[in-house]
Amino acid sequence: MTNQNPEQIARDEIDKQLKACGWVIQDKKRVDLHEGQGVAIREYQTDVGPADYVLFVEGKPVGVIEAKRQEEGHKLNVHEDQTEDYAAAKLKYLNNEKLPFAYISTGEITTLTDFRDPKPRGRFVFTFHRPETIKDWLKKEKSLRASLLDLGTLPTEGLRDCQINAINNLEKSFKGNKPRALIQMATGSGKTYTAITFIYRLLKYTQAKKILFLVDTKNLGEQAEQEFMSYLPNDDNRKFTELYGVHRLKSRYIPDDNHVYISTIQRLYAVLKGQDLEESAEQDNPNERWQPKEVPPVEYNEKLPIEYFDFIVIDECHRSIYNLWMQVLDYFDAFQVGLTATPDARTFAYFQQNVVSEYSHEMAVADGVNVGYDVYLIETKITLQGATLWKGAYVEHRERLSRKKRFEQQDEDEVYTGKELDNNIVNPNQIRMVIRSFKEHLPVIFPDRFDKEGVFEVPKTLIFAKTDSHADDIIQIVREEFSEENRFCKKLTYKTTEDPKSILAQFRNDYHPRIAVTVDMIATGTDVKPLECLLFMRDVKSRNYFEQMKGRGTRVIPFDDLKKVSPSAKITKDHFVIVDAIGVSKSLKTDSRPLEKKPGVPLKDLLYAVAMGSQDEDLFTSLANRLTRLDKQITDKEKQQFVVKSKGKTLSDVVKDLLHVYHPDTIETIEQRVKEARPGAAPIETEELINKELEQIRRQAAQVFTGELNEFIDNVRKAHEQKIDMLNPDELLNIGWATENKDKANETIQAFKTWVDAHKDEIMALQLFYSQPYRRRELTFAMIKDLVEVLVGEKPALAPLNVWRAYEQLESVTGQPKNELVALVSLIRRVSGIDAALASYDKTVDKNFQQWLFRKQAGTLKFTKEQMDWLYMLKEQIATSVHVDTDDLDYTPFDAKGGRGRMWQLFGNEMDNIIQELNEVLAA
């Protein structure tokens, strides 16, 4: 019957939720504790008065619910003492202990206090826990939160310092019962490995049973699954998947016999909504799509109750936990741990400023975990200023998909800006100017990449394009400008006809392709460790997105692994280069990219939102308007294809359905029909029935938008033309290293000088440089090697080749060092004042050797050809290893020429003198 009493409305909603969660509700006068596993008895008498609800599981009292009207939602904590009194009270007819679970609920907002916790504290929950869950909890000696105190000392073998710090601080946060925690770790520093390590510890040492690893793209989920499969704990010789079950969700079915579940947030949302989800909806980060103004709420799902997961680990948490998707996290009664390299203000706020790890890219570079980068600029006239298509000129028009061409006379002047390039107007001359300039200056950017025959090898390069069409144009021009075959440059995108994983694997592991072009495979999970160059031909306004794109180049790689794909590499990867051809390094960046309703939202995003179950009025109206415009543009043949793919509906029918569901007449008709069918129903029940019918017609209007139809609509729209500007040539305005590189270079050199000055009295190798010149002959290969290890161990960012490149930014440098050791010798000679300018040590040795030879042969002494060959070998040994002594003559390359014995035969008693003299003179 109709009941307007606020308390009763709250109790009606509480009753509904309890029933959904598996509880049987009974009045105190009609008690039957055997009617179900869980029974909630209203107004049960206690020695402090009647409790609103007392909960029984298998006949035993376990908790209470204190019901409050909705207006009390903002101050539930003032009722905590009253609720605890009911939990501690003696129930009529029973001699009970204090009941462990105390809920306070308005039907809209619910809190739970678990008195088994070390410091019981109320926490907000989506709804009530199921009876079988409470039964399972009570079987255990400790609550989950109490068991977290059992987390002992972390075994640190195989873990980096940043990982140890993150795990220790996170476990401290868990022990303090903090519901959310944020781990910020730079790309490449091992976030996923860190996560699997603490997940392993939670499963092994605490009462945690199920943990969700949440991602926002299928690609990330597959990457995580592989890492779980390969993870080997440092305290067990079995792999993670031999100890615990790991399952990646691919459908609505969720098996109950696993410990770790990997899912995209959009699939989990679909599960909670009781909907299927096509795999194509998991390809992209969903938060970059259209977001509704009013968020369709998730509903309780008995197959996936709120307590199903104990912990949720959210990968790339800066991206997809807001707006529509936040409620997926709010649904579960679980600790939340965020992982990201690039948090923004929203991220810090969501995780309540509980940052347990702050490990930035700069810190990772300083520790040698990541490599840093330099910026090289390419600026062209059309990129910056655009151009004009003049009235009367014949302009090429090209269909986006078929690439079919036609010419049409321009009927008016059309000015376009650089920002409009590659969407409606394409200027191949601009693309070609950028690619040609890039190719011509690659030897300047990577001067050490010539093979033995003097042929330049292009480092692994990733080009960021604006659209698929833009990517196709770039690929064609790259192949032409580099005079290369198809496999030299490939598209790395989900939409390629080849398997994107196969191309990605080739890019990672094989010699070809040398250059990849991508539009959408930008986020984490697409890491290519040998990648040394990023060419930006698209701008980015999001600071986080830019950081992710830069993150593709930061990964370190062992030298031997780099040589497998880039054989001409002389040294290990110690930096990467951003080639900025669009102004991305200078453009204004924002912390996030909020997506709101506006005319510029892409049609494919509106289609995606409907397919994901969004039913916002603005969404339906926007989509209807777009489809109405499309209906006027497409051909009769395309309209017929639409009818086939929509299973009998015309485009006009679909538009009418979308507009019909929110029409006032439709809503009024449904309201009237429901009220007539249930005249005595409570308002809350009537409203629920109305909403259910409205939901049904909205679903019917949306169900036509399958992945196949959406792809067809998007492709039909794309089929329309671009103008190709072949009339305006481009010109190069500026090219070279960015000015901020020089500031960084100066800081690096000053830091190196400071380090050398601080250690010159305590490290023998440095002492010799600052001593009398003749003492430099005492320098040995082992001394320099030890010095490199000390320097890199203390200051990875001051690795000799990093400092060398810093000098290249600021002054004229002669030659390229053959290895890290001789680079360090040259650098110390420069900072100690021995050399006025930086020169590769082998150049110094060559010059000194020529002068020594001239002096030696100025008189009657003339060396024979074989003696000269030996002297050149000794010179080369000093140039690459700093020092040579008699014992070296027994090894390569000397042993092949007869070794120590042959040199004695050639030089006799002068052998030792010559070796000592060369060590001293060549190091002068």
Side-chain angles (χ1 to χ4, degrees), residues 144-145 147-178 181-208 211 213 223-224 226-244 246 259-260 310-311 313-315 317 335-341 343 351 354-371 524 527 529 554-558 561 789-797 799:
L144 171 64
R145 284 158 181 76
S147 75
L148 292 172
L149 299 178
D150 296 334
L151 286 166
T153 303
L154 172 69
T156 58
E157 183 183 352
L159 294 173
R160 295 170 174 156
D161 289 345
C162 59
Q163 295 171 323
I164 295 168
N165 179 64
I167 295 169
N168 282 334
N169 287 343
L170 177 65
E171 292 182 356
K172 183 180 178 182
S173 174
F174 288 155
K175 292 173 183 179
N177 193 16
K178 295 183 178 179
L182 178 63
I183 292 177
Q184 186 260 313
M185 290 174 67
T187 299
S189 57
K191 289 192 300 295
T192 307
Y193 191 91
T194 301
I196 299 173
T197 301
F198 71 68
I199 287 171
Y200 167 75
R201 284 172 56 78
L202 288 169
L203 291 171
K204 182 171 183 177
Y205 297 111
T206 77
Q207 298 290 352
I211 296 175
F213 193 91
Q223 292 274 331
Q226 289 300 314
E227 293 210 40
F228 274 102
M229 291 170 66
S230 62
Y231 180 86
L232 185 68
N234 59 10
D235 62 355
D236 199 302
N237 58 8
R238 293 168 292 177
K239 288 189 175 180
F240 187 98
T241 47
E242 295 177 83
L243 297 165
Y244 303 107
V246 176
H259 302 87
V260 175
D310 299 307
F311 291 83
V313 180
I314 310 147
D315 198 14
C317 63
F335 285 92
Q336 297 176 23
V337 182
L339 307 176
T340 182
F351 287 96
N354 184 27
V355 185
V356 297
S357 166
E358 288 186 273
Y359 191 67
S360 66
H361 170 69
E362 290 73 22
M363 295 167 70
V365 171
D367 288 346
V369 173
N370 278 353
V371 297
T524 52
D527 299 306
K529 290 183 178 180
T554 62
R555 298 284 191 172
V556 295
I557 181 173
D561 291 346
E789 289 176 357
V790 172
L791 172 63
V792 174
E794 288 186 17
K795 299 284 185 181

So does [X] have more than 12 non-hydrogen atoms from other groups sitting under 6.0 Å from [atom1]?
X: Lys204; atom1: NZ; answer: yes
X: Lys172; atom1: NZ; answer: no
X: Asp150; atom1: CG; answer: yes

Specify the closest pair of heavy atoms between [X] and [Y], including all atoms of both residues, with the distance to one decimal.
X: Gln207; Y: Leu144; answer: C-CD1, 3.9 Å
X: Pro343; Y: Gln184; answer: CD-CG, 3.4 Å
X: Ala364; Y: Ala186; answer: CB-CB, 3.8 Å
X: Gly158; Y: Gln163; answer: O-OE1, 4.4 Å
X: Val369; Y: Arg160; answer: CG1-NH1, 3.5 Å
X: Val356; Y: Ala181; answer: CG1-CB, 4.0 Å

Any non-hydrogen side-chain atom of [X] less than 4.5 Å from a side-chain atom of [Y]?
X: Asn177; Y: Phe335; result: yes
X: Cys162; Y: Met185; result: yes
X: Tyr231; Y: Thr192; result: no
X: Asp367; Y: Ser189; result: no
X: Asn169; Y: Val355; result: no
X: Leu202; Y: Asp310; result: no

Supply the atom-to-atom distance [X] [atom1] to [Y] [atom2], rounded to the nearest 0.5 angstrom.
X: Leu149; Y: Tyr205; atom1: CG; atom2: OH; result: 15.5 Å
X: Lys178; Y: Asn354; atom1: NZ; atom2: CG; result: 5.0 Å
X: Arg201; Y: Thr206; atom1: CZ; atom2: OG1; result: 10.0 Å
X: Lys191; Y: Thr340; atom1: NZ; atom2: OG1; result: 6.5 Å
X: Ile183; Y: Thr194; atom1: CD1; atom2: OG1; result: 6.5 Å
X: Thr156; Y: Asp161; atom1: OG1; atom2: CG; result: 9.0 Å

Could you walk me through whether Glu358 and Leu182 pass the side-chain contact (heavy atoms from CB on, under 4.5 Å) check? CA-CA 9 Å; Glu358 288 186 273; Leu182 178 63; over 6 Å; no
Yes or no on side-chain contact (heavy atoms from CB on, under 4.5 Å) for Tyr244 and Phe228, after CA distance, side-chain angles and deciding distance? CA-CA 10 Å; Tyr244 303 107; Phe228 274 102; over 6 Å; no
Begin from the C-alpha positions of Tyr359 and Asn370 and carry the test side chain to side chain donor-acceptor pair (under 3.5 Å) through to its verdict. CA-CA 11 Å; Tyr359 191 67; Asn370 278 353; over 6 Å; no
is_close_aromatic(Phe311, Phe198), centroid dist under 6.0 Å: no
Let's go through His259 and Tyr200 carefully: what are the C-alpha distance in whole Å and the side-chain angles of both, what is the deciding distance for side-chain contact (heavy atoms from CB on, under 4.5 Å) to 0.1 Å, and is it a yes or a no? CA-CA 10 Å; His259 302 87; Tyr200 167 75; over 6 Å; no
Could you walk me through whether Ile314 and Gln336 pass side-chain contact (heavy atoms from CB on, under 4.5 Å), step by step? CA-CA 7 Å; Ile314 310 147; Gln336 297 176 23; 4.1 Å; yes
Qualifying residue for side chain to side chain contact (heavy atoms under 4.5 Å, CB included) with Val260, from Thr241, Val313, Leu203, Ile196: Leu203
